[in-house]
Amino acid sequence: MTIKEDLQKLLDILPQDLRQIIESHPQRDSLVEVVLDLGRCPEARFPNQAEYLSETPITQAQIDDCIQRVGTFSGDNRAGIELTLHRISAIRNRSGRIIGLTCRVGRAVFGTIGMIRDLVETGKSILMLGRPGVGKTTALREIARVLADDFHKRVVIIDTSNEIAGDGDVPHPAIGRARRMQVAKPELQHQVMIEAVENHMPEVIVIDEIGTELEALAARTIAERGVQLVGTAHGNQIENLIKNPTLSDLVGGIQAVTLGDDEARRRGSQKTVLERKAPPTFEIAVEMLERQRWVIHESVADTVDTLLRGRQPSPQTRTVDDQGKVAMTRQLSVVNGRGGHIPAEEGSFPPARPTNGWRASGQMVALPPLSLERERMTGRSEFDRLLDESFNYSESFDVKASRHAGPNGEDLPLHIYPYGVSRHQLEQVIGVLTLPVVLTKDIDTADAILALRSHVKNQAKLRQMAKARHVPIHMIKSSTIPQITRGLRRLLNIEDPDLTDDRELQLFLHNGSDDEMDALEEARLAVEQIVIPKGQPVELLPRSSPVRKMQHELVEHYRLKSDSFGEEPNRRLRIYPA
């Protein structure tokens with residue numbers, strides 16, 4: 001990286017005694033800012049520490065002398081030095097007199113965006129987030145230069161405080177061929193943003209510090225006109241923007257939605273939930289945690305949707321070492337809420353199946369070594385392999401797909417007409433277990449009917465139609481995951497496995513919260529470590545009714561019985577041995 005700072009021009013505005021101390025300071029090249037407050041000792045701040053430059057408090061005469069060298073402060077109490085990137089910010093008393101100065105060093109650092117250069121090339125809008133001083137403006141300046149010089153795009157910078165391109169009418173060379181538009185007053189930034197699009201035909205607009213609702217609306221207007229946006233916003237992480245009513249529109253806006261009974265039951269949530277209102281203004285978000293460690297959200301829409309459903313996203317973390325080599329890791333959010341970082345080669349994807357899932361604790365039954373090796377090489381589970389050997393069918397099925405003969409002569413895929421059974425749960429079982437089944441809405445094209453026993457008893461018309469069309473009816477007691485799984489296995493003439501398949505247990509997760517994950521883990525350990533091996537009944541911790549229902553389904557999967565007993569809120573599950 002190449003750094004250009006012109007530090008001497010900033011030191012020239014300081015009192016002479018302080019200037020000499022800083023010039024001879026061993027950490028002079030890493031100086032962040034100098035703070036001068038009336039009646040306090042002058043302070044120099046470095047990346048990892050701060051120290052006093054003198055034991056003599058600052059006087060009003062010293063502050064006035066500095067102000068005279070700086071010149072005029074704008075409406076946002078900021079001033080600059082011409083053809084430099086330094087910023088001097090003022091603190092005023094109630095009568096408007098300046099009683100404090102923050103003299104911040106501005107550096108043009110070339111090569112800072114090596115970590116996200118591939119994202120900049122995509123042409124998608126990028127939002128930079130991070131705490132003050134982490135380097136957002138420096139990165140913004142470098143992105144503008146790269147887009148203008150390397151990719152030959154028409155770039156316009158909205159430079160409200162003259163912090164990106166420096167003070168004065170001539171912009172700093174650090175922005176390259178990019179053009180800069182100054183803003184007369186901070187409150188007019190949104191108008192200048194629109195003006196830039198209407199008057200100067202930009203392909204890229206660069207904005208620093210989007211902080212008001214009008215600026216957020218202007219950013220959305222610009223993005224909808226097909227212009228690439230690169231900007232920063234007040235917030236450390238995407239969660240901060242979601243909770244900020246002023247800026248939430250940058251990530252799509254948040255609205256309360258009332259769900260129907262069936263949808264709320266399917267999601268396992270309340271009837272009123274929060275959802276994203278519109279597509280995000282910025283498609284990519286970069287959380288600058290440290291100068292050399294950034295978290296990348298390649299799809300802001302997916303991240304926001306995941307957070308609103310109470311789950312943690314799986315962003316990409318990029319770091320750069322002293323040699324400039326970029327390392328990428330993926331933070332996987334596993335089902336029990338305990339995420340981990342899995343390193344990946346640059347440009348590659350993380351493993352599809354993390355090993356620290358909800359079955360990682362407790363006692364596991366391992367697959368044979370040959371099966372594990374095959375699964376590692378092919379990326380497919382042992383269950384997939386056995387199905388492929390039993391049924392020679394294609395992985396993608398639709399109504400028009402060619403059929404293949406199963407082990408007992410039946411045509412595959414099997415077309416099933418569900419009656420009274422949750423279609424969502426059926427699709428979940430079929431998808432997770434990759435069963436050769438297609439759901440149909442037309443009974444005439446069905447090979448079989450899968451129905452609830454209680455519904456069939458009261459539907460003579462259904463029985464008559466099935467008899468007339470020679471379509472067999474297979475009944476299950478309830479619309480639960482275990483019952484549906486066994487019903488489909490019977491239809492396909494597949495025997496139930498002796499051992500519980502890991503992917504099969506994933507069927508019970510739904511979109512579970514941490515509390516549901518803990519409850520399922522508790523029930524699983526109780527069954528596998530006490531009830532089955534020791535033949536003893538076990539009582540679980542008190543849980544809510546929906547969570548107990550999930551525990552009942554899991555116990556039923558093991559072919560065991562369970563009952564709920566006790567009074568709310570202490571009602572709990574008791575599992576009995578076979």
Side-chain angles (χ1 to χ4, degrees), residues 2-47 49-93 95-109 132-133 135-138 140-141 157 159-175 180 182-186 208-209:
T2 306
I3 301 176
K4 185 177 180 181
E5 59 183 8
D6 297 323
L7 180 59
Q8 192 59 46
K9 292 185 178 180
L10 179 66
L11 299 182
D12 287 342
I13 72 168
L14 300 177
Q16 186 174 359
D17 56 336
L18 301 182
R19 184 191 318 154
Q20 293 173 348
I21 294 173
I22 294 176
E23 287 175 346
S24 59
H25 198 282
Q27 297 188 55
R28 173 184 183 273
D29 292 337
S30 61
L31 179 67
V32 175
E33 61 189 12
V34 177
V35 175
L36 308 178
D37 285 333
L38 181 63
R40 291 186 172 182
C41 298
E43 186 178 1
R45 294 177 178 171
F46 302 95
Q49 66 179 33
E51 61 180 69
Y52 290 121
L53 297 174
S54 170
E55 297 297 328
T56 306
I58 294 294
T59 63
Q60 186 65 53
Q62 288 177 306
I63 291 179
D64 292 341
D65 186 47
C66 293
I67 295 171
Q68 190 174 2
R69 292 193 184 97
V70 172
T72 306
F73 285 84
S74 60
D76 55 356
N77 286 316
R78 291 179 178 179
I81 303 172
E82 195 164 350
L83 286 178
T84 73
L85 302 173
H86 308 310
R87 186 182 75 192
I88 296 91
S89 303
I91 296 177
R92 300 179 185 268
N93 62 13
S95 61
R97 183 169 186 148
I98 296 176
I99 57 172
L101 293 174
T102 301
C103 306
R104 188 165 182 178
V105 180
R107 293 182 173 90
V109 186
K136 296 191 299 295
T137 305
T138 304
L140 213 59
R141 186 184 302 120
I157 299 172
D159 203 1
T160 304
S161 59
N162 286 356
E163 194 174 355
I164 299 178
D167 208 43
D169 296 334
V170 180
H172 194 277
I175 67 170
R180 185 262 298 270
Q182 300 187 44
V183 181
K185 297 179 182 179
D208 196 9
E209 296 184 3

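The figures here come from the full heavy-atom set of this structure, side chains too, leaving out hydrogens, waters and symmetry mates.
For the pair Thr138 and Leu85, the minimum side-chain heavy-atom distance is 4.5 Å or more. Counting heavy atoms from C-beta outward, Leu38 and Ile98 have side chains that stay 4.5 Å or more apart. With a 4.5 Å cut-off on side-chain heavy atoms, Thr137 and Arg141 count as touching. Using a 4.5 Å heavy-atom cutoff, the side chains of Asp208 and Ile157 are not in contact. Residues Leu18 and Ser54 meet the side-chain proximity criterion, which asks for heavy atoms closer than 4.5 Å.
For the side-chain contact (heavy atoms from CB on, under 4.5 Å) test with Asn162, the passing option among Arg78, Glu82, Arg180 is Arg180; the others fail. The only option from Thr56, Leu53, Leu101 that meets the side-chain contact (heavy atoms from CB on, under 4.5 Å) definition with Pro42 turns out to be Leu53.
Every ring-ring contact (aromatic ring centres under 6.0 Å, His included) that Phe46 has, sequence neighbours left out, goes to His25.
Nearest heavy atoms, Arg69 versus Ile13: NH1-O, 3.3 Å.
Using a cutoff of 4.0 Å between basic side-chain nitrogens and carboxylate oxygens, Arg97 and Asp64 are scored as salt-bridged.
By the 6.0 Å contact criterion, CD on Gln49 is enclosed, its count of non-hydrogen atoms from other residues, nucleotides or ligands being greater than 12.
Pairs passing the side chain to side chain donor-acceptor pair (under 3.5 Å) check and including a residue from residues 32-41, sequence neighbours excluded, read Glu33-Arg45.
Taking CG from Asp6 and NE2 from His172, the interatomic distance works out to 5.5 Å, rounded to the nearest 0.5 Å.
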